[in-house]
**Q** 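Handing you this structure, nothing more for now.
Since this is a predicted model, take the numbers as computed values, not measurements. By convention here, the first residue in the shown sequence is residue 1.
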Amino acid sequence: MSIILGAIADDFTGATDLANNLVRAGMRCVQVIGVPPQTLALENVDAVVVALKSRSCPANQAVEDSQAALEWLHEQGARQIFFKYCSTFDSTDAGNIGPVSDALLERMRATSEVRLGSRQTVMVPAFPTNRRTVYQGHLFVGDRLLNDSGMEHHPLNPMRDADLVRVLSRQTPHRVGLAPREVLVQGVEALRDHLARLADEGVRHVICDTLDEADLAVLAGAVAEYPLVTGGSGLGQSLPAEYRRLGWLEEVTDAGRLAPAEGATLVLSGSCSRATLGQVEHFLERHPGFALDPLALAESGEQLEEALAFARAHLQGERRDEPVLIYASASPERVKQAQQVLGTEAAGRVVEEAMASLARILVGEGVGRLVVAGGETSGAVVSALDIQQLRIGHQIDPGVPWTQAPLAGRAAPLSLALKSGNFGDVDFFTRAFEVLA
């Protein structure tokens, strides 16, 4: 059976975020880790999300990986391609959003017939449910401009400019335009006419204002038949209704059903976002936790052994049903100190390697319910566990569902939640296990 939507996500938590919204909107969804080496059996699947680790790598590598994902999705018969990036438009002046979007659009124009939207694509990063909105091309996180939201301190992709037309124009040689809200409020046909005029003027990329769910519905109605759309997961929650209107998608009951969860509970947190720091603090007031220090990790393997001993003492003791946290989440000042000593890349790498080792060992020793916070950390953990495929379940918080992955040598699948650093309420780490069946 051909799939309706094939998505290419630039990190693992972003992939899960999009898949979550698709499931909530009634699409049966599978997430694959990287480009599968062969065609998969995709019975009873409406959408497939390919999770890459291409947000912060060199632009040429991101382009190559994304093109490979595109080719594989076309082989599966995907009707529409969705390039998914973060709702905070994480990128640098060198990419990777612009270069990847250009490459995907060029490849699709060269290999498919000319049809609606083949000359351009839309940029819809907004996710109003999580308070990410765009107005006059400027991205807001809550009531703050992007460059004043904490994202200006991001260790890999600091975002110091909220004007997305200006940001994207630095990443592509092609024209970037705007679909302002004054057009969106006039409805789908007005937006289609506006996009067509921009295409006639040579505008390839269109940043779209989005303030609420009604705006997302208008956008979905205008671009559901585009070969390529790009954005955050907000657009993903509105596209399925358009697919049903077009007769592509059948009604499905309980698209997020998973098998019963089994095993001990563990949280691994590498994110240093404001949201995650609050979640760590909330968790530690109620449950045990162990803090990792990048400098100590880089010096020797002693701290990693201490973390393992701590986890084993709790996960195998009398209170083994209680969740345990191991975290490297820290304030911007502490992160900067580690980066000054180790270098930015090395500081991040030593934490990712530690989290990957912890996940591999502790899952092997009986952890069956695992929450991971942070896109880079999630990528490292998923790779360490050699997870190839995730079935998407029900939502914990907006943008974060439970998923399940089959693992070799285990009768029950691993229940896994991959949380983007900025997502989730303050009680996310404690409540996640309460909502897991």
**Q** Hey, can you pull the donor-acceptor pairs under 3.5 Å for the side chains in residues 296-311, sequence neighbours left out?
**A**
residue, atom, partner, partner atom, Å
Ser300, OG, Glu302, N, 3.2
Gln303, OE1, Asp293, N, 2.9

**Q** Can you confirm whether Leu5 sits close enough to Tyr243 that some side-chain heavy atom of one is under 4.5 Å from a side-chain heavy atom of the other?
**A** yes

**Q** Walk me through it: do Leu145 and His138 pass the test side-chain contact (heavy atoms from CB on, under 4.5 Å)?
**A** CA-CA 7 Å; Leu145 283 165; His138 288 69; 4.0 Å; yes

**Q** Decide if atom CD of Glu250 counts as having more than 12 heavy atoms of other residues, nucleotides or ligands within a radius under 6.0 Å.
**A** no

**Q** Less than 4.5 Å apart, any side-chain heavy atom of His314 and any of His287?
**A** no

**Q** Under 4.5 Å between any side-chain heavy atoms of Phe127 and Phe423, yes or no?
**A**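 Counting from C-beta outward, Phe127 and Phe423 do come under 4.5 Å.
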
**Q** From Ile4 CD1 over to Gln80 CD, what is the distance, rounded to the nearest 0.5 angstrom?
**A**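 Nearest 0.5 Å value for the CD1-CD distance: 10.5 Å.
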
**Q** Has the side chain of Trp402 got a donor or acceptor atom that lies under 3.5 Å from a matching backbone atom of Ala432?
**A** yes

**Q** Report the distance from atom OG of Ser383 to atom CZ of Arg360, rounding to the nearest 0.5 Å.
**A**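 Interatomic distance, Ser383 OG to Arg360 CZ, rounded to 0.5 Å: 11.0 Å.
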
**Q** Counting C-beta onward and ignoring hydrogens, is there a side-chain heavy-atom pair between Asp46 and Val252 closer than 4.5 Å?
**A**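 Sidechains of Val252 and Asp46: in contact.
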
**Q** Going by heavy atoms in the side chains, are Asp397 and Arg431 under 4.5 Å from each other?
**A**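 Yes. Closest side-chain heavy atoms under 4.5 Å.
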
**Q** Would you say CD of Gln316 has more than 12 non-hydrogen atoms from neighbouring residues, nucleotides or ligands within 6.0 angstrom?
**A**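 Yes - once you tally the heavy atoms of other residues, nucleotides and ligands closer than 6.0 Å, there are more than 12.
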
**Q** Check side-chain contact (heavy atoms from CB on, under 4.5 Å) between Glu353 and all other residues, then give those that pass, not counting sequence neighbours.
**A** Arg349

**Q** Taking the side chain as C-beta and beyond, is there a heavy-atom pair between Leu370 and Leu385 under 4.5 Å?
**A** yes

**Q** After noting the C-alpha distance and the side-chain angles of Leu416 and Leu390, does the key distance pass the side-chain contact (heavy atoms from CB on, under 4.5 Å) rule?
**A** CA-CA 9 Å; Leu416 181 65; Leu390 296 168; 4.1 Å; yes

**Q** Mind checking side-chain hydrogen bond (donor to acceptor under 3.5 Å, both in side chains) for Arg257 and listing every partner two or more places apart, or none if nothing turns up?
**A** Asp254

**Q** Hey, what's the ring geometry for Tyr85 with Phe89, parallel, tilted or perpendicular (30° and 60° as the breaks)?
**A** perpendicular

**Q** Nearest 0.5 Å, please: how far is CZ in Arg109 from OG1 in Thr121?
**A**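 Atom-to-atom, Thr121:OG1 and Arg109:CZ are 11.5 Å apart.
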
**Q** Rounded to the nearest 0.5 Å, what separates atom OG1 in Thr377 from atom NZ in Lys419?
**A**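 Going from OG1 on Thr377 over to NZ on Lys419, the span is 10.5 Å.
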
**Q** Applying side-chain contact (heavy atoms from CB on, under 4.5 Å) between Val124 and each of Asp215, Leu216, Val229, Thr230, report the one that passes.
**A** Leu216

**Q** Can you name the closest pair of heavy atoms from Val49 and Cys29 and give their distance?
**A**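 Result for this residue pair: CG2-SG, 3.9 Å.
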
**Q** For the CG atom of Leu268 and the CZ atom of Phe429, what is their distance to the nearest 0.5 Å?
**A** 9.5 Å

**Q** Using a 4.5 Å cut-off on heavy atoms from C-beta on, say whether the side chain of Cys86 contacts that of Asp11.
**A** no

**Q** Go through the steps to decide whether Gln31 and Thr403 satisfy the test side chain to side chain donor-acceptor pair (under 3.5 Å), and finish with yes or no.
**A** CA-CA 9 Å; Gln31 176 178 331; Thr403 74; over 6 Å; no

**Q** Between Ser56 and Asn157, is a side chain to side chain donor-acceptor pair (under 3.5 Å) present by the stated rule, with each step listed?
**A** CA-CA 7 Å; Ser56 304; Asn157 301 320; 3.1 Å; yes

**Q** Is there side-chain contact between Leu258 and His394, with at least one heavy-atom pair below 4.5 Å?
**A** no

**Q** Around Gln389, counting heavy atoms of other residues, nucleotides and ligands shown, do more than 12 lie under 6.0 Å from its CD?
**A**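 Yes, because the 6.0 Å sphere around CD of Gln389 holds more than 12 heavy atoms from other groups.
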
**Q** How long is the span from the CG atom in Asn21 to the CG atom in Leu235, to the nearest 0.5 Å?
**A** 10.0 Å

**Q** Looking at Arg334, I'd like to know if its CZ atom is crowded, meaning that more than 12 non-hydrogen atoms belonging to other residues, nucleotides or ligands lie closer than 6.0 Å.
**A** no

